There are 2 protein chains.
Amino acid sequence: MSKRTNSAKRQLILDEAAKLFKLKGFGGTSMRDLAAQVGMEAASMYNHIKSKDEILELICFHVSDTYIRQLTEVEQMAATYVEKIRALIGRHIQLMIEDGAAVSVGNNDWKYLTGDTLEAFKTARKRYEKGFAALIEQGIAAGELQPVNVSVALFTILSAVRWVELWYRPGRDVTPEELEENIMTILLNGLAK
Amino acid sequence: MSKRTNSAKRQLILDEAAKLFKLKGFGGTSMRDLAAQVGMEAASMYNHIKSKDEILELICFHVSDTYIRQLTEVEQMAATYVEKIRALIGRHIQLMIEDGAAVSVGNNDWKYLTGDTLEAFKTARKRYEKGFAALIEQGIAAGELQPVNVSVALFTILSAVRWVELWYRPGRDVTPEELEENIMTILLNGLAK
DNA sequence: CCTACCGATCGGTAGG
DNA sequence: CCTACCGATCGGTAGG
């Protein structure tokens, strides 16, 4: 039971850290800020985590692991390339709605990682990008997609979806379903009539 | 002549600051880092700028002023809404190619602004968003655009374009013209055939 | 989980 | 434009 309590505290620290990093950036968040949010002294947090850097690592790799798992799921689907891309974008949006703070850290604060950890994160991200790019490339080759530059299409999609994490709140007048449908319409069918 | 020299140094400080903030974030960049990049001691920079916060302000408002000027230009064009939106997206991409570091700071580090300055920046950004949204809304009303949610379309476009600042380098195998054309195709005509 | 504290580094100033 | 330095705050540790 003490173990369950400890790991709950640890998770609380990670969750609050993600929120603060999103709000003020990794560099703009002090361990004293975080401690106040969690409800303990800064020194006490070191019973649950090793360092400020470890917090950043855990959040970043939680996000990149999730992304890669989603890619693997979609790759194994029996579907057209358009359907696969649609499924991957959908999962992307879903993750932002469910875990926006962590995604924000993985998008913006990963650059504060150092050494091997930084390299490992970059590698994970590149792997995801390559997998996504392959879907687009095959979709073009199969005649399902417009013959655009693959890199441009990839980053336009990944980027187009990013604002959700900054914007979406449960109180919005747009439901997650509408949101997903609207974004999908713009990216796949275009805004113009 | 001494005035010209001084303001050139000041500009150099601002340019190097934008690059460093983009690379390491405002919170992760020290005045000593910046001084080393500029080629003087930290203390000496205070002959050219008032504070670290002033540097951030100058960069952020340079960007927001440019955006608002571009919006005004486009609003005064005699053209269809689709053409206006196309023109505004084009200017957006152009600015990122020409002044990517400053745009990055205006996108990511504005949150380190404080007090009235922070409020003024938020107001400028909101003004730009409202102007852009109005173009989309009128485009839908005129039957030129798909009847999507205006906020979703606005942020999808603004966001879709943001990766250019992270990705574009003169050495890329894509020219600025191709880049613009490809992004425009995806956003306006859609990726799917 | 806290009090007390460490060395390092921060943004910025004084004085020349 | 530099040397020398300020008070404040940083991430983190010792010891209980």
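The structure presented is a predicted model; accordingly, all values stated were derived computationally and were not measured. In what follows, every chain begins at residue 1, and chains take the letters A, B, ... in the order their sequences are listed. All values below were derived from every heavy atom in this structure, side-chain atoms included, with hydrogens, water molecules and symmetry-related copies excluded.
- Looking at Thr185(B), its side chain does come within 3.5 Å of a backbone N or O of Glu181(B) through a donor-acceptor pair.
- Counting to the nearest Å, the C1' atom of dG12(C) and the CD atom of Glu41(B) are 14 Å from each other.
- A straight line from NE2 of His48(B) to P of dG12(C) spans 16 Å, rounded to a whole angstrom.
- The CD1 atom of Ile49(A) sits 7 Å away from the P atom of dG12(D) (whole-angstrom rounding).
- Put simply, CG on Leu58(B) and NZ on Lys50(B) are 8.5 Å apart, with the number rounded to the nearest 0.5 Å.
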Under 3.5 Å donor-acceptor pairs involving side-chain atoms of residues 140-148 of chain B, not counting sequence neighbours:
from	atom 1	to	atom 2	distance (Å)
Glu144(B)	OE1	Tyr81(B)	N	3.0
Glu144(B)	OE1	Val82(B)	N	2.8
Glu144(B)	OE2	Tyr81(B)	N	3.3

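- Comparing dC1(D), dG12(D), dG11(C) against the side chain of Tyr46(B) picks out dG11(C) as the nearest.
- Take Arg91(A) and apply the side-chain contact (heavy atoms from CB on, under 4.5 Å) test, not counting sequence neighbours, and it matches Gln70(A), Glu73(A), Val74(A), Ala87(A).
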Dot-bracket, 5' to 3', for DNA chain D please: Watson-Crick or G-U pairs under 3.5 Å, [ ] where pairs cross earlier ones, | where the partner sits on another strand, dots elsewhere.
||||||||||||||||
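- Interatomic distance, Leu166(A) CG to Met96(A) CE, rounded to the nearest 0.5 Å: 8.5 Å.
- Using a 30° and 60° split on the angle between ring planes, Phe26(A) and Phe21(A) fall in the perpendicular class, above 60°.
- Atom-to-atom distance recorded for Glu165(A):CD and Ser159(B):OG is 9.0 Å, nearest 0.5 angstrom.
- With no hydrogens or angles considered, no side-chain donor-acceptor pair links Gln37(A) and Asp33(A) at under 3.5 Å.
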Would you check, one step at a time, whether the test side chain to side chain donor-acceptor pair (under 3.5 Å) holds for Asn108(B) with Arg162(B)?
CA-CA 11 Å; Asn108(B) 302 308; Arg162(B) 266 180 66 165; 3.0 Å; yes
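- Of the residues in residues 19-36 of chain B, not one comes within less than 4.0 Å of DNA chain D through any heavy atom.
- In this entry the distance linking CE of Met45(B) with C1' of dG12(C) reads 11 Å, nearest Å.
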Please test Tyr112(A) against Lys24(B) for side chain to side chain contact (heavy atoms under 4.5 Å, CB included), starting from the C-alpha separation and ending with a verdict.
CA-CA 7 Å; Tyr112(A) 294 100; Lys24(B) 312 201 284 178; 5.5 Å; no
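- Within residues 55-63 of chain B, no residue places a heavy atom under 4.0 Å from DNA chain D.
- In this structure, NZ of Lys52(B) is placed 9 Å from P of dC10(C), rounded to the nearest angstrom.
- Interatomic distance, OG of Ser64(B) versus CZ of Arg69(B), reported as 11.0 Å (0.5 Å rounding).
- In this structure, Ser51(B) does not reach the dG11(C) phosphate: none of its side-chain N or O atoms is under 4.0 Å from OP1 or OP2.
- Distance check, rounded to the nearest 0.5 Å: CZ of Phe132(A) to CG of Leu88(A) gives 4.5 Å.
- Here dT13(D) presents its C1' atom at 16 Å from NZ of Lys50(A), a figure rounded to the nearest Å.
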Protein-nucleotides 14-16 of chain C N/O pairs under 3.5 Å:
none

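- Taking the six-membered ring where the residue is Trp, Phe121(B) and Phe61(B) present perpendicular rings, their angle passing 60° and hence far from 30°.
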